[in-house]
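Notes follow the structure.
Counting starts at 1 for both ligands and their atoms, following the listed order. Because only heavy atoms are used, hydrogens play no part in the values below, and waters and symmetry mates are left out as well, while side chains stay in.
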Amino acid sequence: MTTETSAQASTKPLAGRVAVVTGASSGIGEASAEHFASLGAKVAVLARRADRLDDLVARIAKAGGTALAVTVDVTDAAAVQAAADRVEAELGDADLLFNNAGVMLPAPVEELRTDQWQRQIDLNISGLMNVVGAFTPQLVRAAAERGVADLVNNSSSAAQNLYPTFAVYAGTKAFVTHLSKHLRMELGPKKVRVSAIEPGIVGTELQDHVTDEGASAWLEGSKETIDWLRSEDIARTVGFIASLPLRVNLPQVFIMPTAQPS
Ligand code: NDP
């Protein structure tokens with residue numbers, strides 16, 4: 001930042017930064033990777049679908065950016081560590097981590113969809129922690145060397161609000177929000193800004209994985225009265241968080257479609 005002119009800083013506020021985005025093969029993660037690259041960051045994109053990541057990297061390169069595809073299942077801690085090592089070797093220490101991969105599988109608790117409970121816990125909690133564990137050393141090193149680093153965890157408005165049949169998903173997201181507050185206490189003094197972002201409904205593939213008919217009908221019906229958020233809205237918000245002056249940290253950002261009541 002110190003070597004840039006103010007004009008460069010305003011158009012490319014993430015120039016010189018190394019961003020990592022999990023869940024980058026679709027939805028919010030995909031839009032965020034493209035946006036961070038447009039703001040000047042080198043971006044490592046992580047997810048399981050290699051073909052989607054390769055397309056994304058090609059689009060970013062065509063637009064003049066730099067991106068690295070790393071195919072990884074974030075529920076596999078050893079694989080995430082290997083991914084982190086590769087990012088460090090090829091791009092340098094990450095200084096912006098958007099910990100975004102997640103899944104939402106609502107269903108009435110009495111249906112005992114224990115397979116879906118476990119998938120949400122494995123990805124939204126354990127997977128998120130694997131990523132925190134593998135990349136925190138890089139964030140701390142980068143903050144010491146470059147003066148700032150950002151850890152942005154994607155939580156949900158479900159961490160705050162009550163949605164019938166969303167208990168397990170909401171529980172995983174409450175974990176993410178509360179975890180973020182605690183990490184902020186530990187890492188803030190080391191110049192790592194920690195944020196939890198809590199979006200309301202965003203139109204992505206997330207809704208396509210829902211198997212419960214009642215929840216699907218509720219989501220589909222809400223489209224009639226609510227102009228859902230778009231992935232780009234979240235991407236721009238996270239880009240804004242990371243572009244703020246180094247002294248400024250937004251610990252918790254609640255972002256809702258204007259017409260979504262809760
Ligand atoms: P998508 O389903 O479009 O994106 C989910 C991403 O996670 C995909 O890129 C998927 O890629 C990746 N992913 C899934 N499982 C794994 C895994 N085991 N390892 C690595 N990557 C994985 O949904 P969104 O973009 O909406 O979701 C992103 C985040 O936003 C989630 O945490 C979600 O909870 C949160 N959120 C979404 C809201 C919404 O309404 N859409 C609202 C509030 C929060 P792949 O399958 O290739 O691995």
Side-chain angles (χ1 to χ4, degrees), residues 20-35 44-57 69-80 82-84 97-106 116 118-132 134-135 152-161 163 166 168-177 179-180 195-210 215-216 218-220 222-223 226-235 237-238 252-257 260 262:
V20 171
V21 180
T22 69
S25 59
S26 62
I28 295 169
E30 182 178 15
S32 297
E34 280 198 277
H35 186 58
V45 293
L46 278 58
R48 295 168 302 176
R49 284 172 291 177
D51 53 337
R52 299 278 297 242
L53 295 180
D54 288 343
D55 288 349
L56 174 61
V57 166
V70 184
T71 309
V72 64
D73 181 337
V74 298
T75 65
D76 178 343
V80 177
L97 171 59
F98 187 27
N99 205 355
N100 164 74
V103 65
M104 177 185 81
L105 302 167
Q116 296 198 343
Q118 197 60 50
R119 272 182 64 198
Q120 294 174 95
I121 293 164
D122 286 348
L123 180 57
N124 301 358
I125 296 180
S126 302
L128 181 120
M129 288 311 305
N130 289 340
V131 174
V132 167
F135 284 98
V152 182
N153 291 317
N154 203 347
S155 179
S156 166
S157 61
Q160 307 296 336
N161 296 347
Y163 304 120
F166 284 70
V168 177
Y169 177 72
T172 65
K173 293 302 186 175
F175 172 91
V176 174
T177 287
L179 171 87
S180 303
S195 307
I197 181 153
E198 299 174 327
I201 308 177
V202 188
T204 66
E205 291 181 11
L206 196 78
Q207 296 85 20
D208 301 342
H209 301 298
V210 176
S216 285
W218 176 75
L219 286 162
E220 200 53 36
S222 76
K223 280 186 189 160
I226 302 168
D227 186 8
W228 287 2
L229 295 173
R230 298 174 194 177
S231 294
E232 305 80 67
D233 302 326
I234 309 305
T237 304
V238 179
Q252 207 169 343
V253 179
F254 193 63
I255 170 168
M256 297 292 280
Q260 185 182 345
S262 67

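- Using a 4.0 Å cutoff on heavy atoms, Gln207 counts as a contact of ligand 1.
- Among the atoms of Gly29, none of the N or O lies under 3.5 angstrom from an N or O of ligand 1.
- At least one heavy atom of Ala24 sits under 4.0 Å from some atom of ligand 1.
- By the side chain to side chain donor-acceptor pair (under 3.5 Å) test, Glu205 is found to be paired with Arg49, Arg52, residues two or more places apart in sequence or in another chain being considered.
- Judged by the shortest distance from any of its heavy atoms, Val103 lies outside the 4.0 Å radius around the atoms of ligand 1.
- Using a 4.0 Å cutoff on heavy atoms, Thr22 does not count as a contact of ligand 1.
- For Ala158, the side chain to side chain contact (heavy atoms under 4.5 Å, CB included) partners at least two apart in sequence or on another chain are Ser156, Tyr163, Tyr169, Ala170.
- Judged by the shortest distance from any of its heavy atoms, Trp228 lies outside the 4.0 Å radius around the atoms of ligand 1.
- Within the structure, ligand 1 has Ser155 among the residues with a heavy atom less than 4.0 angstrom away.
- Residue Lys173 places a heavy atom less than 4.0 Å from ligand 1.
- Using a 4.0 angstrom heavy-atom cutoff, Ser157 does not count as in contact with ligand 1.
- The shell of residues lying under 4.0 angstrom from ligand 1, judged by heavy atoms, includes Val72.
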